[in-house]
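Everything on this sheet refers to the single structure shown next.
Each chain gets a letter, A, B and so on, in the order the sequences are listed, and its residues count up from 1.
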Amino acid sequence: MRERSLQLLEWYDVHARSMPWRVPPADRKAGALPDPYGIWLSEVMLQQTTVAAVRDYWRKFMGLWPTVADLAAAQDADVMAAWAGLGYYARARNLLKCARAVVADHGGVFPPDHDTLLTLPGIGPYTAAAVAAIAFDQPETVLDGNVERVMARLYDVHTPLPAAKPELMALAKALTPQERPGDYAQAVMDLGATICTPKSPACGICPLRDDCMARIAGTAPVLPKKTPKKPVPVRRGIAYVVRRDDGAWLLETRDPKGLLGGMLGFAGSDWSDDPQPAPPLDAEWQQLDATARHTFTHFHLELTILWTRVPGNARPARGHFVPHNDFSPTALPTVMRKVFDLVADSLPFG
DNA sequence: GACCCGTGGTA
DNA sequence: TTACCAAGGGT
């Protein structure tokens, strides 16, 4: 067991990917550790999200809020706007809750142990282990999609996910070394991301190829097995775009719970098989030729766009007018950004 | 365990 | 174009 983890660490010493939040293996071996705040921020952003998508957001957040105390003191709307486009917006809401809990309950310092980290909002089993291992070099075992795949192949596990998780966790734990656990955690994930990939794994250049039971059995490309997913339905809806004569846009902050919770958006109907009209004010609505299409995790959405212009004395039943100069489309979640772009492309007042 | 929750890249 | 997939967490 120890042999395999050492092979992986030697591979990582040469092939570690460079990331803005990462301390390279040479520096860690010399005793350097990363800022726990930056590691926590990166791990939350990386939940179900690719490294490529995270890089710029991480830099932006570190520039706007360099410490956990800065983030804890930020306005909710500013954080949600900065997160716009990254998805899974409950992460941003929990990010703020967590930062404020660290300041209020832990003296503004991230706790180093797994069990205490686990009590914080937005930190689950994976992120608690990742922060403990990467930021504090604790011998915790991370189990993410990469590690699941590497373990399933290394030991030729055919039990489908997610039922296989306990088994894969036990295998991953047995492989975790006491030396350099932080580098080891990152090494397994780098291996999964670059060599032991979901499709067409590069077994020929894998540092664990001689030990890999799935490679020997020829089953690596079909592992890990997964229980089939349900088909995603199509839902429809109506988006109402209102432009006031002075250029202001009618927007609303969505309910903090549920889909796109806490994010800015245009007023709209429900999203369902048979959406009911729900205009935010009385007006002569014009239908846009184009339809906004967007796919969420569990359904496809087709949005009909109705637009209108209203005078300065208009009083909407829902939402609020945002002056043209205060409005930034980048603060919108992607589906609302698509609506905005279609309106801007089709109408003279874009 | 089941379900909800975004987005962009890739084949 | 469709379907899968990515450093998961909350309920």
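- Counting only N and O atoms by type, the side chains of Arg244(A) and His324(A) include no donor and acceptor under 3.5 Å apart.
- The aromatic rings of Phe299(A) and Phe296(A) sit tilted relative to each other, their planes meeting at an angle between 30° and 60°.
- Residue contacts for Ala193(A): at a heavy-atom cut-off of 4.0 Å it reaches the sugar-phosphate backbone alone, with no base atom in range.
- In the model, Gln47(A) has a side-chain atom that pairs as donor or acceptor with a side-chain atom of Thr127(A) under 3.5 Å.
- Ring-plane geometry between Phe327(A) and Trp249(A) is classed as tilted, the angle between the planes lying from 30 to 60 degrees on a 0 to 90 degree scale.
- The separation between Asn94(A) atom CG and dC5(B) atom C1' is 12 Å, rounded to whole Å.
- If you check every strand for non-hydrogen atoms under 4.0 Å, Met336(A) touches nothing.
- You can see that DNA chain C meets the heavy atoms of chain A within a 4.0 Å-exclusive cut from dC5(C) to dG10(C), reading 5' to 3'.
- Under the 4.0 Å criterion applied to side-chain N and carboxylate O atoms, Asp56(A) and Lys60(A) are not assigned as salt-bridge partners.
- In summary, of the residues considered (Tyr37(A), Trp21(A), Trp40(A), Trp65(A)), a ring pair (Phe, Tyr, Trp, His ring centres under 6.0 Å) with Trp58(A) occurs for Trp21(A) alone.
- At a cut-off of 3.5 Å, with distance as the only test, no side-chain donor of Asn94(A) or Arg91(A) sits close to an acceptor on the other residue.
- As rounded to the nearest Å, dA7(C) and dC4(B) have P atoms that lie 24 Å from one another.
- Within residues 113-124 of chain A, the residues that have a heavy atom under 4.0 Å from DNA chain C are, in order of number, Pro121(A), Gly122(A), Ile123(A), Gly124(A).
- A donor-acceptor pair shorter than 3.5 Å cannot be found between the side chains of Glu284(A) and Thr308(A).
- Arg17(A) comes within contact range of at least one nucleobase, with a heavy-atom separation under 4.0 Å.
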Anything under 3.5 Å between a protein N or O and an N or O of nucleotides 7-11 of chain B, put it in a table, one pair a line.
unit_1 : atom_1 : unit_2    : atom_2 : d
dT7(B) : OP1    : Tyr89(A)  : OH     : 2.8
dT7(B) : OP1    : Thr334(A) : N      : 2.6
dT7(B) : OP1    : Thr334(A) : OG1    : 3.4
dT7(B) : OP2    : His294(A) : NE2    : 2.5
dT7(B) : O5'    : Thr334(A) : OG1    : 3.4

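- Nucleic acid contact class of Ala163(A) (heavy atoms, under 4.0 Å, all strands): sugar-phosphate only.
- Across all strands, Lys257(A) comes closer than 4.0 Å to no nucleic acid atom at all (heavy-atom distances).
- Residue Arg22(A) is in base contact, counting any heavy-atom pair closer than 4.0 Å across all strands shown.
- Within the structure, every side-chain polar atom (N or O) of His298(A) is placed at least 4.0 Å from both OP1 and OP2 of dC4(B).
- No side-chain donor-acceptor contact under 3.5 Å links Asp289(A) and Ser346(A).
- Using a 4.0 Å cut-off between charged nitrogen and carboxylate oxygen, Asp270(A) and Arg235(A) do not count as a salt-bridge pair.
- Computed from coordinates, the Phe299(A) CZ to dC4(B) P distance equals 10 Å when rounded to whole Å.
- A donor-acceptor pair shorter than 3.5 Å can be found between the side chains of Glu43(A) and Tyr126(A).
- Using a 4.0 Å cut-off between a side-chain N of Lys or Arg and a carboxylate O of Asp or Glu, Asp13(A) and Arg180(A) qualify as a salt bridge.
- dG6(B) and dA6(C) have their C1' atoms separated by 12 Å, given to the nearest Å.
- With both ends at atom P, the span from dG9(C) to dG8(B) equals 22 Å, rounded to whole Å.
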